[in-house]
Structure formats: structure tokens, C-alpha cells
*Asks:* 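Before I ask anything, let me first share the structure, which is written out below as C-alpha cells.
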Amino acid sequence: MMTEYRKKAPLMSETFRENPLRLAFGLMRLPKNPDGTMDIPQICEMADRFLAAGGTYFDTAYVYDGGDSEKAFKAAVADRYPRESYTLATKLNAAMGATDEKSAKQEFATSLERTGAGYFDYYLLHALQRGTYRKYDEYGLWDYVKELKAKGLIRHWGFSFHADPDLLEEMLEKHPDAEFVQLQINYADWENPGVASRKNWEICRRHGKPVMIMEPVKGGILANPIPEVQAVFDASGTDASYASWALRFAAGLEGVHAVLSGMSSIAQMEDNLKTMKDFRPLDDREMELIHLAQRALDADKSIPCTACHYCTKGCPMQIPIPEIFNVINRRKGSPEFRTIREYGIVTQGRGKAGDCVSCGQCERVCPQGLKIISLLRQCKTELEK
Ligand code: SF4
Ligand code: SF4
């Protein structure tokens with residue numbers, strides 16, 4: 001694995017604006033007020049610190065928080081900073097945000113208005129996976145992004161990808177002019193066949209495509225990993241955060257233009273900036289610790305849900321899928337009473353695991369490829385006694 005990790009690869013596109021910090025401020029998990037609205041003062045403070053540290057790259061999407069993420073970007077950055085001080089990526093989602101070609105294409109204009117950015121530096125066809133990629137062909141969206149680029153409304157276009165290496169090969173052969181690919185890469189998913197971080201990254205390198213990395217901390221799971229993984233890093237003798245190990249693994253890869261971290265607090269921003277300002281790739285001894293952590297994760301039976309909530313929007317039974325999985329994951333070592341009580345709290349007024357009608361909507365959009373229907377059946381058995 002070490003050889004693969006350090007493998008030399010063709011140079012990435014030189015047309016992208018430089019991103020020396022390499023950290024990107026992911027706007028998917030922004031801090032919120034108790035009433036569910038965006039905590040704009042805190043987001044402004046996070047953006048200020050990010051830009052002051054040399055960061056430039058912000059990443060949002062049409063579907064994040066039902067549009068509130070793009071609006072928060074406007075309030076915290078576009079309305080407060082000159083256009084040349086930042087770069088912005090957003091995404092068009094044909095599966096979750098649209099019902100036909102017209103509504104899919106309308107997303108671009110809506111994103112432009114919500115963000116106030118005037119143009120996008122990076123525009124992505126969002127979350128291509130086995131269950132969704134045909135919609136992008138059906139709605140003519142590959143040609144659409146090229147038209148937008150020709151009009152100067154976007155600088156670069158690419159796609160984010162959550163599927164198997166065979167489909168990635170197919171996509172890059174069919175669309176060789178894609179300028180970059182966004183991939184889920186982290187040490188936990190490096191050899192995970194459901195995510196295929198390593199294989200997909202290798203394909204991008206072979207095709208000479210710059211890579212934007214998403215989920216380097218696996219939706220926060222690696223910032224607070226299972227005790228067995230914590231023990232591995234605790235033994236290193238440093239006080240480095242668990243998240244910093246994950247970030248350094250991702251950012252050390254060849255051909256990476258940006259590592260997106262979806263930050264939810266000033267503390268997370270500060271920790272990530274500390275890691276990336278004086279970035280140091282993992283050395284051989286540190287990579288050995290990563291291998292030990294990977295082994296510990298392989299033995300873990302937790303459900304690897306990143307709480308992205310892509311699955312919940314279209315669930316006809318309003319089942320809080322990630323919250324239920326979280327309860328199951330946290331039951332390890334907890335008295336049963338608390339688990340059942342927490343299950344009652346997260347499902348109050350919403351669907352329960354046993355209400356699932358197996359429509360399959362959630363599985364078609366889950367970027368982690370989770371077998372949600374069968375997992376919910378197991379949750380029902382354990383939680384609805
Ligand atoms: S399969 Fe079950 S959980 Fe998934 S969307 Fe349908 S009803 Fe909801
Ligand atoms: S089950 Fe899948 S789609 Fe739903 S929140 Fe978890 S990772 Fe996201």
C-alpha cells in the first residue's frame with residue numbers, strides 16, 4: 001500500500017487557481033442555531049479565519065441544507081469579501097434536486113442567485129453513482145456545463161463520484177474533457193470495496209485528472225473514532241487530533257488540488273488550519289499507525305453512515321435513517337435502557353425502522369452504498385422489541 005500511496009503521477013492541470021493551503025472549507029455541515037437556522041455570526045468567523053490563513057476554496061451544493069448552505073456562503077463570504085479573494089465550487093444534482101431536465105438546469109441559476117458569486121470557479125455534476133448517473137445523460141447535463149463554461153459562467157467543470165471503479169473508468173472514457181473529479185478518500189475507505197478510495201484515485205491519476213477529496217474525515221467519524229483507533233494514535237506520543245491524522249493521509253496524496261473538510265465549529269476550523277498551514281506528509285512510521293487504525297476499523301461492526309442525509313429527503317415514511325444508525329452505533333457499551341430511550345427520542349413524530357416499505361429510494365442515493373433496507377430491519381429487531 002505504501003508504494004501505491006506514494007506513487008508518482010502526471011502533473012495536474014496548471015489552469016486552476018493556486019490553492020497552496022489545499023484545505024477547502026466544506027459547507028455541508030455548517031453550525032446551526034437551536035431553531036435549526038444557520039449560525040451566521042459563527043460561519044462569518046470561520047470564513048474570516050480560513051481566508052486569513054490563506055484558504056481560498058469554498059465548497060457547497062444546490063441541495064445542501066435545502067439551499068441554506070449556498071445562502072450562508074453569500075452572507076459570510078460573497079457579501080463581505082471581494083470576488084478575487086475566494087474560489088467557489090457548487091453542484092448540480094439531477095437525482096435529489098430535480099424532477100426533469102428543466103428543473104435540473106434551473107439549479108444553476110438558483111445557485112448563482114443564492115450565492116451571489118457572479119460565476120463559479122468549479123461546477124460539479126453532483127454525486128454520480130450507479131442509481132443516478134443516467135439522469136445526467138438523460139437531461140443533457142454534460143453538454144449543459146460546457147455551454148455554461150463557454151458563456152464564462154463557470155471556470156472549470158467536473159463531477160463528484162460515489163461508485164465503483166468500472167463506472168469511473170466508463171465516465172472518464174465517455175467524458176475525457178472533465179477537468180477534475182471529486183472523490184471520497186480517507187484512510188478508512190482506502191481499501192473498502194463499497195467506496196474504493198484507492199482504486200478510484202488511481203484511475204484519476206492514470207487519466208491525469210486533478211482530484212478534489214471529500215469526506216477525508218468520513219463525515220466526522222475519524223475525528224472521534226472508535227476507542228481501538230484512538231488507542232493507536234494515542235500511543236504515537238503526540239497530541240495531534242484524530243482528525244489531523246485523517247487530513248494528513250488525504251492531503252499527502254499525489255494530484256490532489258483540494259481536501260474538503262465539512263467544518264461545523266471554530267474549533268474544527270482551527271484544528272484543520274493548524275494541520276494544513278504547516279503541512280507535513282505522513283512519514284513511514286506514521287503510515288504504520290494508519291495501517292493499524294485501518295485494521296482496527298476492519299474489525300469494527302459499526303454502520304459506516306456519514307449522516308449526509310441524502311437518503312431522508314425522499315423517504316415516504318419520514319424515517320430518520322442516519323439518526324437511527326447513530327443510535328445503533330452508540331449502543332456499544334451503553335446500557336440497553338438508554339439505547340431504547342434515545343431511539344424513542346430520534347423517532348418521535350417520525351417513522352420508525354419498522355415502518356420502512358422497502359421502496360429503495362434511499363439506497364439509490366446513498367453515497368456510501370449502504371444496504372439501508374436490510375440495516376433498518378436489523379435496527380427494528382434490536383430497537384423495537
Ligand atoms: S426503502 Fe424504507 S427507508 Fe428507504 S426511502 Fe423507502 S421507506 Fe424510506
Ligand atoms: S444512510 Fe447513506 S445517505 Fe443516509 S445519511 Fe447515511 S450515508 Fe448518507
Side-chain angles (χ1 to χ4, degrees), residues 26-30 32 59 61-66 69 91 93-97 99 126-133 135 160-164 182-186 188-189 192-197 200 213-225 246 260-262 264 297 300-331 342-343 346-347 349-384:
L27 307 174
M28 186 184 187
R29 297 182 175 87
L30 289 170
K32 293 189 179 138
D59 175 90
Y62 175 85
V63 295
Y64 289 173
D65 280 301
S69 168
K91 315 182 190 82
N93 195 308
M96 288 163 58
T99 51
H126 191 183
L128 267 66
Q129 47 194 293
R130 284 272 167 201
T132 62
Y133 78 98
K135 284 210 179 300
S160 63
F161 185 81
H162 292 278
D164 53 281
Q182 189 157 305
L183 291 176
Q184 174 167 331
I185 295 181
N186 57 65
D189 291 322
N192 171 3
V195 177
S197 289
N200 284 340
I213 290 184
M214 59 184 154
E215 304 288 16
V217 192
K218 200 170 168 60
I221 290 172
L222 303 180
N224 186 22
L260 283 60
S261 178
S264 307
L297 285 165
D300 180 51
K301 298 289 174 242
S302 300
I303 301 171
C305 167
T306 60
C308 67
H309 283 92
Y310 289 2
C311 54
T312 50
K313 196 175 169 206
C315 174
M317 306 311 289
Q318 298 184 330
I319 300 170
I321 300 163
E323 286 79 11
I324 293 175
F325 291 165
N326 185 39
V327 169
I328 279 284
N329 286 346
R330 283 166 54 207
R331 82 191 183 290
E342 290 200 7
Y343 180 63
V346 303
T347 55
R350 303 162 85 184
K352 294 196 183 306
D355 293 329
C356 174
V357 293
S358 305
C359 68
Q361 176 281 144
C362 53
E363 293 192 357
R364 282 194 289 280
V365 296
C366 176
Q368 306 307 316
L370 298 182
K371 305 285 178 222
I372 296 174
I373 298 170
S374 110
L375 287 166
L376 284 176
R377 270 193 214 116
Q378 291 168 31
C379 293
K380 174 179 183 271
T381 307
E382 293 193 39
L383 300 170
E384 296 175 21

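Numbering of ligands and ligand atoms starts at 1, following listing order.
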*Asks:* Applying a strict 4.0 Å limit to heavy atoms, is P367 in contact with ligand 2?
*Replies:*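 Flag set, P367 near ligand 2.
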
*Asks:* For atom 7 (S) of ligand 1, what's the nearest protein heavy-atom neighbour? Residue, atom name and distance, please.
*Replies:*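 Looking at atom 7 (S) of ligand 1, the protein heavy atom closest to it is V357 N, 3.5 Å.
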
*Asks:* Inspect the contact between E342 and R330 and indicate whether a charged nitrogen and a carboxylate oxygen are less than 4.0 angstrom apart.
*Replies:*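 A salt bridge is present here (some side-chain N lies under 4.0 Å from a carboxylate O).
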
*Asks:* Return the CD1 to SG distance between I373 and C362, rounded to the nearest 0.5 Å.
*Replies:*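 The CD1 atom of I373 sits 5.5 Å away from the SG atom of C362.
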
*Asks:* Run the numbers on L27 and L30 for side chain to side chain contact (heavy atoms under 4.5 Å, CB included), then give the verdict.
*Replies:* CA-CA 6 Å; L27 307 174; L30 289 170; 3.8 Å; yes

*Asks:* Just wondering, is there an N, O or S atom on C359 that's nearer than 2.8 Å to atom 8 (Fe) of ligand 1?
*Replies:*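 Within the cut-off used here (under 2.8 Å), C359 places no N, O or S atom near atom 8 (Fe) of ligand 1.
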
*Asks:* Among protein heavy atoms, which sits nearest to atom 2 (Fe) of ligand 2, and what does the distance come to when rounded to 0.1 Å?
*Replies:*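 Sorting protein heavy atoms by distance from atom 2 (Fe) of ligand 2 puts C366 SG, 2.4 Å first.
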
*Asks:* Pull out every atom of ligand 2 sitting under 4.0 Å from any heavy atom of P322, numbered as shown with elements.
*Replies:*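 Listed by number with element: 5 (S).
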
*Asks:* Check whether the side chains of T347 and K352 place a donor and an acceptor atom closer than 3.5 Å, and report yes or no.
*Replies:*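 Yes.
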
*Asks:* Side chain or backbone of S358 under 4.0 Å from ligand 1, or both, or neither, by non-hydrogen atoms?
*Replies:*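 Near ligand 1, S358 shows its backbone, while the atoms from C-beta on stay back.
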
*Asks:* Please tell me if the side chains of E215 and S261 come closer than 4.5 Å, counting only heavy atoms from C-beta onward.
*Replies:*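 No; the side chains remain at least 4.5 Å from each other.
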
*Asks:* Looking only at protein heavy atoms, identify the closest one to atom 5 (S) of ligand 2 and say how far it is in Å.
*Replies:*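 In this structure, atom 5 (S) of ligand 2 has H309 N, 3.2 Å as its nearest protein heavy atom.
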
*Asks:* Report the part of D355 in contact with ligand 1, treating N, CA, C, O as backbone and CB onward as side chain, heavy atoms under 4.0 Å; options are side chain, backbone, both, neither.
*Replies:*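 Neither; no heavy atom under 4.0 Å.
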
*Asks:* Considering heavy atoms of the protein only, find what lies nearest to atom 3 (S) of ligand 1 and give residue, atom and distance to 0.1 Å.
*Replies:*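 So the nearest neighbour among protein heavy atoms is L376 CD1, 3.5 Å.
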
*Asks:* Report yes if the side chains of H126 and Y310 come closer than 4.5 Å at any heavy-atom pair, otherwise no.
*Replies:*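 SC-SC contact between H126 and Y310 confirmed.
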
*Asks:* Of the protein's non-hydrogen atoms, which lies at the shortest distance from atom 8 (Fe) of ligand 2, and what is that distance?
*Replies:*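 Sorting protein heavy atoms by distance from atom 8 (Fe) of ligand 2 puts C308 SG, 2.3 Å first.
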
*Asks:* Which of the numbered atoms in ligand 2 are under 4.0 angstrom from any heavy atom belonging to Q368?
*Replies:*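 Counting from 1, the qualifying ligand atoms are 7 (S).
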
*Asks:* Number the atoms of ligand 1 from 1 as they appear, then name those within less than 4.0 Å of a heavy atom of I321, with their elements.
*Replies:*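 In order of number, 3 (S).
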
*Asks:* Is Q318 atom CD crowded by more than 12 heavy atoms from other residues, nucleotides or ligands, each under 6.0 Å away?
*Replies:*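 Result for CD/Q318: open.
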
*Asks:* Give the atom numbers and elements of ligand 1 that come within less than 4.0 Å of a heavy atom of I373.
*Replies:*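 Atoms satisfying the 4.0 Å criterion: 1 (S).
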
*Asks:* Just heavy atoms, cut-off under 4.0 Å: does V365 contact ligand 2 by side chain, backbone, both, or neither?
*Replies:*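 Answer for V365: neither.
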
*Asks:* Taking 2.8 Å as the cut-off, does an N/O/S atom of C305 lie below it from atom 6 (Fe) of ligand 2?
*Replies:*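 Yes, within the cut-off.
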
*Asks:* Would you indicate whether the side-chain heavy atoms of L260 and Q182 approach each other to under 4.5 Å?
*Replies:*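 Q182 vs L260: side chains touch.
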
*Asks:* Taking heavy atoms and a distance under 4.0 Å, where does C362 meet ligand 2: side chain, backbone, both or neither?
*Replies:*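 Neither; no heavy atom under 4.0 Å.
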
*Asks:* Evaluate the side chain to side chain contact (heavy atoms under 4.5 Å, CB included) criterion for residues D59 and M214: first the C-alpha distance (whole Å), next the side-chain angles of each, then the deciding distance (0.1 Å), finally the verdict.
*Replies:* CA-CA 10 Å; D59 175 90; M214 59 184 154; over 6 Å; no

*Asks:* Take Y343 and E323 through the test side chain to side chain donor-acceptor pair (under 3.5 Å) and record every step on the way to the result.
*Replies:* CA-CA 8 Å; Y343 180 63; E323 286 79 11; over 6 Å; no

*Asks:* Please list the nearest protein heavy atom to atom 4 (Fe) of ligand 2 with its residue and the distance rounded to 0.1 Å.
*Replies:*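 Its nearest protein heavy-atom neighbour is C311 SG, 2.3 Å.
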
*Asks:* Quick check on contacts: which atoms of ligand 2 are under 4.0 angstrom from a heavy atom of I372?
*Replies:*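 With I372 as reference, the close atoms of ligand 2 come out as 1 (S).
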
*Asks:* Is it true that D189 and N186 share a donor-acceptor pair across their side chains at a distance under 3.5 Å?
*Replies:*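 Yes, a side-chain donor-acceptor pair sits under 3.5 Å.
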
